[in-house]
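Predicted model only: the values in this text are computed from it and were never measured. Residue numbers start from 1 in every chain, and the chains themselves are labelled A, B, ... in the order their sequence lines are given, proteins ahead of strands.
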There are 2 protein chains.
Amino acid sequence: MRINKELSKGSNALMVLSVIARQDMYGYQIVRTIENASEDVFVLNEGTLYPILHTLEQNGLLDAYWCEVDGRRRKYYRITEKGRKELARRRAEWDEFSGAVSKVLGSAELAEG
Amino acid sequence: MRINKELSKGSNALMVLSVIARQDMYGYQIVRTIENASEDVFVLNEGTLYPILHTLEQNGLLDAYWCEVDGRRRKYYRITEKGRKELARRRAEWDEFSGAVSKVLGSAELAEG
DNA sequence: CACTATACATCGATTGTCAAGGTATGAAGT
DNA sequence: ACTTCATACCTTGACAATCGATGTATAGTG
């Protein structure tokens with residue numbers, strides 16, 4: 001199913017931070033990782049990804065370093081300690097958010113049936 | 001917890017449609033209903049709610065009718081058949097979306113631990 | 001020689017939401 | 001009488017996340 005883009009606003013940065021927490025990654029790899037993990041639901045646009053990475057870096061949640069492999073330059077990102085704390089906070093926020101939506105949808109469903 | 005507003009983008013219309021599907025409601029009542037059902041996580045701003053209602057009505061997902069009770073005018077909204085179909089579609093979309101986010105976050109968590 | 005994949009990046013437009021403001025009635029407190 | 005709060009509708013300008021398009025560059029494939 002094609003997901004309404006508006007839904008994923010605000011959760012993309014969380015997913016990016018989350019996959020980088022697992023291991024250092026570069027941009028293109030992040031897109032493929034999220035694409036695979038979500039089973040093709042999320043395929044991040046470059047105009048979405050790079051601003052997210054730059055903002056996370058500017059906020060001190062990520063570090064960046066360059067590597068050259070087979071004539072291709074890659075910018076790897078590493079999560080910081082501050083980033084891990086923020087990730088934990090945003091995960092909790094996501095849980096609360098998705099749980100609250102389920103409550104609203106669920107309460108309506110009960111009354112319908 | 002205070003939820004990041006960006007997260008709820010795109011899900012507000014779904015929640016509004018969902019509670020109206022249960023019973024006809026007017027604006028102020030919709031805000032209170034979602035507020036209660038979500039346990040104070042979602043308190044819709046009027047600048048958020050009314051544009052949503054007007055758009056849903058324009059798209060034929062809702063009908064509106066006026067009532068006067070105790071000198072207060074209320075604009076009630078009723079879901080249409082088209083609206084019920086669209087609600088089912090958006091519910092499925094929400095399930096797919098939230099499930100996909102969980103997969104991305106969950107796969108990262110496995111590798112961390 | 002064109003096309004695809006990899007790999008970085010920026011820019012203008014779109015969209016949902018917010019904060020603030022506007023109009024009005026009824027009830028409660030001072 | 002006056003203020004404040006709750007109810008009840010609405011609009012407007014600004015903001016922030018995302019998108020689509022575009023740009024640069026290298027490597028491999030047809």
Side-chain angles (χ1 to χ4, degrees), chain A residues 2-17 20 24-36 38 41-59 61-62 64-77 90 93-94 97 101, chain B residues 2-17 24-36 38 41-59 62 64-77 90 93-94 97 101:
Chain A
R2 170 71 75 221
I3 295 286
N4 176 2
K5 315 288 185 173
E6 290 300 327
L7 271 179
S8 57
K9 279 190 183 180
S11 60
N12 285 332
L14 167 60
M15 291 192 284
V16 167
L17 201 52
I20 297 175
D24 293 6
M25 284 198 193
Y26 58 97
Y28 198 84
Q29 185 185 15
I30 293 167
V31 176
R32 297 301 146 231
T33 300
I34 292 178
E35 185 180 353
N36 290 335
S38 72
V41 172
F42 301 119
V43 184
L44 294 195
N45 191 293
E46 295 175 299
T48 301
L49 176 69
Y50 291 112
I52 285 174
L53 288 172
H54 300 161
T55 301
L56 291 175
E57 189 184 1
Q58 276 168 29
N59 294 346
L61 309 181
L62 295 179
Y65 57 96
W66 287 91
C67 281
E68 182 107 8
V69 182
D70 298 328
R72 288 212 176 83
R73 45 200 264 287
R74 293 172 173 171
K75 193 174 178 182
Y76 278 85
Y77 288 90
R90 292 195 193 186
E93 192 180 34
W94 164 260
F97 162 67
V101 172
Chain B
R2 170 71 73 221
I3 296 287
N4 176 2
K5 314 290 185 173
E6 290 300 327
L7 271 179
S8 57
K9 280 191 182 182
S11 60
N12 284 330
L14 166 61
M15 290 192 285
V16 167
L17 201 53
D24 293 6
M25 285 199 191
Y26 58 96
Y28 198 84
Q29 186 184 14
I30 292 167
V31 176
R32 297 298 146 235
T33 301
I34 292 177
E35 185 180 352
N36 290 335
S38 72
V41 172
F42 301 119
V43 185
L44 295 195
N45 190 293
E46 294 176 300
T48 300
L49 176 70
Y50 291 113
I52 285 175
L53 288 172
H54 299 160
T55 301
L56 291 175
E57 189 183 2
Q58 276 167 29
N59 294 346
L62 295 178
Y65 57 96
W66 287 92
C67 282
E68 183 107 10
V69 182
D70 298 329
R72 289 214 174 81
R73 48 199 263 287
R74 293 171 173 173
K75 193 175 179 182
Y76 278 84
Y77 289 90
R90 292 195 193 186
E93 191 179 36
W94 163 260
F97 162 66
V101 173

Point to revise | Integer-rounded Å distance: D:dT11 P and B:Leu49 CG | key: 12 Å
Check your understanding: Any side-chain N or O of B:Asn12 under 4.0 Å from OP1/OP2 of C:dT17?
Key -> yes
Check your understanding: How are the rings of A:Tyr65 and A:Tyr76 set to each other: parallel, tilted or perpendicular (split at 30° and 60°)?
Key -> parallel
Revision key, fill the gap. Closest of D:dG20, D:dA6, D:dT11 to the B:Arg72 side chain is D:dA6
Check your understanding: Contact class for A:Lys75 (heavy atom, under 4.0 Å): base, sugar-phosphate, or nothing?
Key -> sugar-phosphate
Check your understanding: With nearest nucleotides of DNA chain C determined for A:Asn4 and A:Arg32 from heavy-atom distances, which residue corresponds to the more 5′ nucleotide?
Key -> A:Arg32
Revision key, fill the gap. The residue, B:Arg73 or A:Pro51, whose nearest nucleotide of DNA chain D is more 5′ is B:Arg73
Check your understanding: Less than 3.5 Å between a donor and an acceptor, one on the side chain of B:Glu6 and one on the base of D:dA17, is that the case here?
Key -> no
Review point. Does the side chain of A:His54 get closer than 4.0 angstrom to OP1 or OP2 of C:dT10 through an N or O atom?
Key: yes
Exercise for review: Could you please name the option among D:dC10, C:dC8, D:dT18 that lies closest to any side-chain atom of B:Tyr50?
Suggested key: D:dC10
Check your understanding: Would one find a side-chain N or O of B:Thr48 under 4.0 angstrom from OP1 or OP2 of C:dC18?
Key -> yes
Exercise for review: Classify the nucleic acid contact of A:Lys9 as base, sugar-phosphate or nothing, counting any heavy atom under 4.0 Å across all strands shown.
Suggested key: base
Review point. Of A:Gly10 and B:Leu53, whose closest DNA chain D nucleotide lies nearer the 5' terminus?
Key: B:Leu53
Review point. Does B:Tyr28 make a side-chain N or O approach to OP1 or OP2 of D:dC9 shorter than 4.0 Å?
Key: no
**Study point:** Length of the CG-P vector between B:Leu44 and C:dC18, whole Å
**Key:** 8 Å
